[in-house]
Amino acid sequence: MSVVHQLSAGWLLDHLSFINKINYQLHQHHEPCCSKNEFTTSVHFESLQMDSLSSSGACAAFIASDPTTKPENGDGGNYEMFTQKFVFRPELFDVTKPYITPAVHKECQQSNEKEDLMNGVKKEISISIIGKKRKRCVVFNQGELDAMEYHTKIRELILDGSLQLIQEGLKSGFLYQLFEKQDKCSKPITLPLDTCNLPELCEMAKHLPSLNEMEHQTLQLVEEDTSVTEQDLFLRVVENNSSFTKVITLMGQKYLLPPKSSFLLSDISCMQPLLNYRKTFDVIVIDPPWQNKSVKRSNRYSYLSPLQIKQIPIPKLAAPNCLLVTWVTNRQKHLRFIKEELYPSWSVEVVAEWHWVKITNSGEFVFPLDSPHKKPYEGLILGRVQEKTALPLRNADVNMLPIPDHKLIVSVPCTLHSHKPPLAEVLKDYIKPDGEYLELFARNLQPGWTSWGNEVLKFQHVDYFIALESGS
């Protein structure tokens with residue numbers, strides 16, 4: 001389970017444990033002459049080259065095999081079957097000290113200070129401009145004033161609830177004081193090169209020949225399949241209904257597909273296959289690429305305008321009484337937009353506001369709680385799709401608790417940008433059991449969920465995982 005501790009204030013989550021409890025086991029085969037330690041380099045991929053993409057060298061390979069059979073090699077002999085297990089790289093959750101940015105360091109004069117969270121030090125909000133060579137009057141704009149007012153309202157809730165959960169984590173050993181593991185060396189983390197740009201692949205797919213209605217149907221990857229092409233993956237929902245992990249290769253980059261998962265790789269202009277999926281969803285989690293100043297200055301991330309976000313066809317995707325969860329930054333403009341415009345336009349009633357609090361492995365906030373720039377928390381706005389007509393008998397046999405307000409989700413964040421913690425276990429008491437679950441703007445896959453986005457496979461890249469010793 002990803003829930004380490006649960007208190008009235010909320011939950012302390014173990015994101016890494018959640019990922020590694022997914023059955024990332026891959027059935028592969030190799031020739032008997034190869035040793036077990038070498039088999040990962042002798043995996044036989046069956047690839048089909050696409051004529052329409054041959055100029056860019058794009059190809060796709062899909063590995064699927066029946067564990068009860070031993071396919072023949074080119075010489076008429078048999079391959080031996082081995083199971084390869086993968087785990088997520090633990091160093092991607094090594095957050096041993098708070099993130100101290102140069103701006104915060106200079107303006108808050110915190111270079112020689114350490115916030116003692118476990119003693120419950122509570123400071124009033126202050127913006128220090130000590131050390132500036134030129135004195136000037138600080139004038140806050142309306143957005144900054146709104147943010148300060150909002151922070152004042154939730155500050156005690158964030159601090160008190162987080163400290164309770166952190167104390168439980170320290171008692172159980174899940175969190176640890178730095179001196180207890182000083183022998184743990186922090187090595188530079190080498191991340192995979194972005195040689196396979198998933199958004200560019202989505203753009204490329206728009207220029208492929210139009211698919212007929214039959215080709216728009218769901219593609220199921222099952223044990224008997226041998227290989228698929230990129231064109232098979234584009235513009236259709238892909239399902240891995242097996243009990244084992246599958247591997248696909250896009251532009252030479254390998255991605256792991258967990259069991260019982262499905263996805264659609266496309267951008268917001270090509271969501272029709274999701275509407276043709278003939279499913280409505282009981283839970284929809286949305287992590288929109290919000291527009292902000294830093295994103296506008298950078299070419300690394302794309303963003304959507306509020307108007308584009310409103311055009312997402314939630315009413316067509318949501319089942320009656322669907323629970324909608326939207327991740328949101330701390331900009332009050334975005335919070336008001338969700339509550340006052342976005343949710344009403346989708347006939348969704350706001351029922352609660354939760355907070356994700358990011359901490360280090362030793363239980364410190366990743367940013368000072370009163371930092372004028374970045375806060376150590378983000379928001380989640382929860383809402384219910386309103387019934388158009390009263391259906392008193394609907395879900396009469398399903399006992400779902402009312403959703404409480406201002407719950408905390410406390411966790412050590414992944415060092416990968418926008419890799420949000422899993423919500424399945426914290427939502428289980430408030431959603432229909434064995435329902436259909438959907439994540440929009442997803443960057444990873446989960447068993448039991450359908451995921452959509454133009455980077456939907458990003459964190460499934462094999463380089464984010466470690467291959468453990470295999471067995472036959």
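Quick caveat: nothing in here was measured; it's all calculated off a predicted structure. If you read the sequence from its start, that first residue is 1, and numbering goes on from there.
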Q) Are the side chain of E144 and the backbone of N141 linked by a donor-acceptor contact shorter than 3.5 Å? A) yes
**Q.** Straight-line distance of N444 CG to E455 CD, nearest 0.5 Å
**A.** 11.5 Å
Q: Carefully, step by step, assess L175 and I359 under the rule side-chain contact (heavy atoms from CB on, under 4.5 Å).
A: CA-CA 10 Å; L175 302 174; I359 61 172; 3.9 Å; yes
(Q) Within the structure provided, determine whether T415 and D94 are in side-chain contact (heavy-atom separation under 4.5 Å). (A) no
Q) How about F465 and Y24: are their ring centroids closer than 6.0 Å? A) yes
Q: Using atom types as modelled and distance alone, determine if a side-chain donor or acceptor of N361 lies under 3.5 Å from a backbone N or O of V95.
A: yes
Q: Look up atom OG1 in T83 and atom NZ in K85, then write down how far apart they are to the nearest 0.5 Å.
A: 10.5 Å
Q.
Quick one, I268 with I312, criterion side-chain contact (heavy atoms from CB on, under 4.5 Å). Give me CA distance, side-chain angles, the key distance, then yes/no.
A. CA-CA 8 Å; I268 196 170; I312 299 172; 3.9 Å; yes
**Q.** Euclidean distance, W452 CH2 relative to C270 SG, rounded to 0.5 Å
**A.** 9.5 Å
Q: With the side chain counted from C-beta on, respond yes when K358 and V412 share a heavy-atom pair under 4.5 Å apart, and no when they do not.
A: no
Q. Is it true that a side-chain atom of S172 and a backbone atom of G169 form a donor plus acceptor pair closer than 3.5 Å?
A. yes
Q. Does K339 pair with E353 as a salt bridge, N-O distance under 4.0 Å?
A. yes
**Q.** Whether W346 side chain and K310 backbone form a donor-acceptor pair below 3.5 Å
**A.** yes
**Q.** Rounded distance [0.5 Å steps], OG in S347 versus CZ in R384
**A.** 15.5 Å
(Q) Does any part of the side chain of I431, heavy atoms only, come nearer than 4.5 Å to the side chain of D282, both counted from C-beta? (A) no
Q. What is the distance from atom CG of L250 to atom NE2 of H461, rounded to the nearest 0.5 Å?
A. 9.5 Å
(Q) Quick one, R443 and S418 - any side-chain contact, counting heavy atoms below 4.5 Å? (A) yes
Q.
Using 30° and 60° as the class boundaries, would you call the ring planes of H151 and Y377 parallel, tilted or perpendicular?
A. parallel
Q | Option passing ring pair (Phe, Tyr, Trp, His ring centres under 6.0 Å) with H419 (candidates F459, Y464, F18) | A | F459
Q) Side chains of T245 and P259: closer than 4.5 Å at any heavy-atom pair? A) yes
Q. Do F86 and L26 come close enough that some side-chain heavy atom pair is under 4.5 Å?
A. yes
Q) Is any side-chain heavy atom of M271 closer than 4.5 Å to a side-chain heavy atom of P313? A) yes
**Q.** Residues T326 and Y343: side-chain donor-acceptor under 3.5 angstrom
**A.** yes
Q) Backbone N or O of D14 within a donor-acceptor pair of the S17 side chain at under 3.5 Å? A) no
Q. Roughly how far, to the nearest 0.5 Å, is CG of N454 from CZ of F441?
A. 8.5 Å
Q: Inspect the surroundings of NZ in K333 and state if more than 12 heavy atoms from other residues, nucleotides or ligands are less than 6.0 Å away.
A: no
Q. If every non-hydrogen atom of L13 is compared with every non-hydrogen atom of P422, which pair is closest and at what distance?
A. CD1-O, 3.6 Å
Q: Please report the C-alpha distance between V456 and L264 in whole Å, then the side-chain angles of each, then the deciding distance to 0.1 Å, and finally whether the side-chain contact (heavy atoms from CB on, under 4.5 Å) criterion is met.
A: CA-CA 7 Å; V456 71; L264 171 64; over 6 Å; no
Q.
Is it the case that the side chains of H15 and S2 hold a donor-acceptor pair, with the cut-off being a distance below 3.5 Å and no angle test?
A. no
Q: Quick one: closest heavy-atom pair of L170 and S362, and the distance?
A: CD2-O, 3.9 Å
Q. For the side chain of H5 and the backbone of L12, is there at least one donor-acceptor N/O pair under 3.5 Å apart?
A. no
Q. Is there a donor-acceptor pair under 3.5 Å between the side chain of Q291 and the backbone N or O of L304?
A. no
Q. What class does the angle between the rings of H334 and W290 fall in, given that below 30° is parallel, 30 to 60° is tilted and above 60° is perpendicular?
A. parallel
Q.
If you compare all heavy atoms of S451 against all heavy atoms of Q446, which two are closest, and at what distance to 0.1 Å?
A. OG-N, 4.4 Å
Q. Would Q142 and D146 count as having a side-chain donor-acceptor pair, cut-off 3.5 Å?
A. yes
Q) For N240 and L257, which heavy atoms make the closest approach, and how far apart are they? A) ND2-O, 3.1 Å
Q.
Between Y303 and Q308, does the side chain to side chain donor-acceptor pair (under 3.5 Å) criterion hold? Intermediate values first, please.
A. CA-CA 10 Å; Y303 61 85; Q308 289 173 306; over 6 Å; no
Q: Locate the shortest heavy-atom distance separating V328 from E378; write the atom from each residue and the value.
A: O-CB, 3.9 Å
Q.
For a 4.5 angstrom cut-off between non-hydrogen side-chain atoms, does K375 reach I158?
A. no
Q. Between the side chain of T152 and the main-chain N/O of M148, is any donor-acceptor distance below 3.5 Å?
A. yes
(Q) Checking S261 against W449: is there a side-chain donor and acceptor pair closer than 3.5 Å? (A) no
Q | Closest contact, heavy atoms only, K420 versus D287 | A | NZ-OD2, 3.1 Å
Q: Answer yes or no: is there an ion pair linking E425 with K428, defined by an N-O contact shorter than 4.0 Å?
A: no
Q.
Using 30° and 60° as the class boundaries, would you call the ring planes of W354 and W11 parallel, tilted or perpendicular?
A. tilted
Q: Could you go through the side-chain contact (heavy atoms from CB on, under 4.5 Å) check for W327 and I286 one step at a time?
A: CA-CA 6 Å; W327 289 96; I286 313 175; over 6 Å; no
Q. Does the Q460 side chain pair with the main chain of L445, one donor and one acceptor, at a distance under 3.5 Å?
A. yes
Q | Side-chain donor or acceptor of R331 paired with backbone N/O of G143 under 3.5 Å | A | no
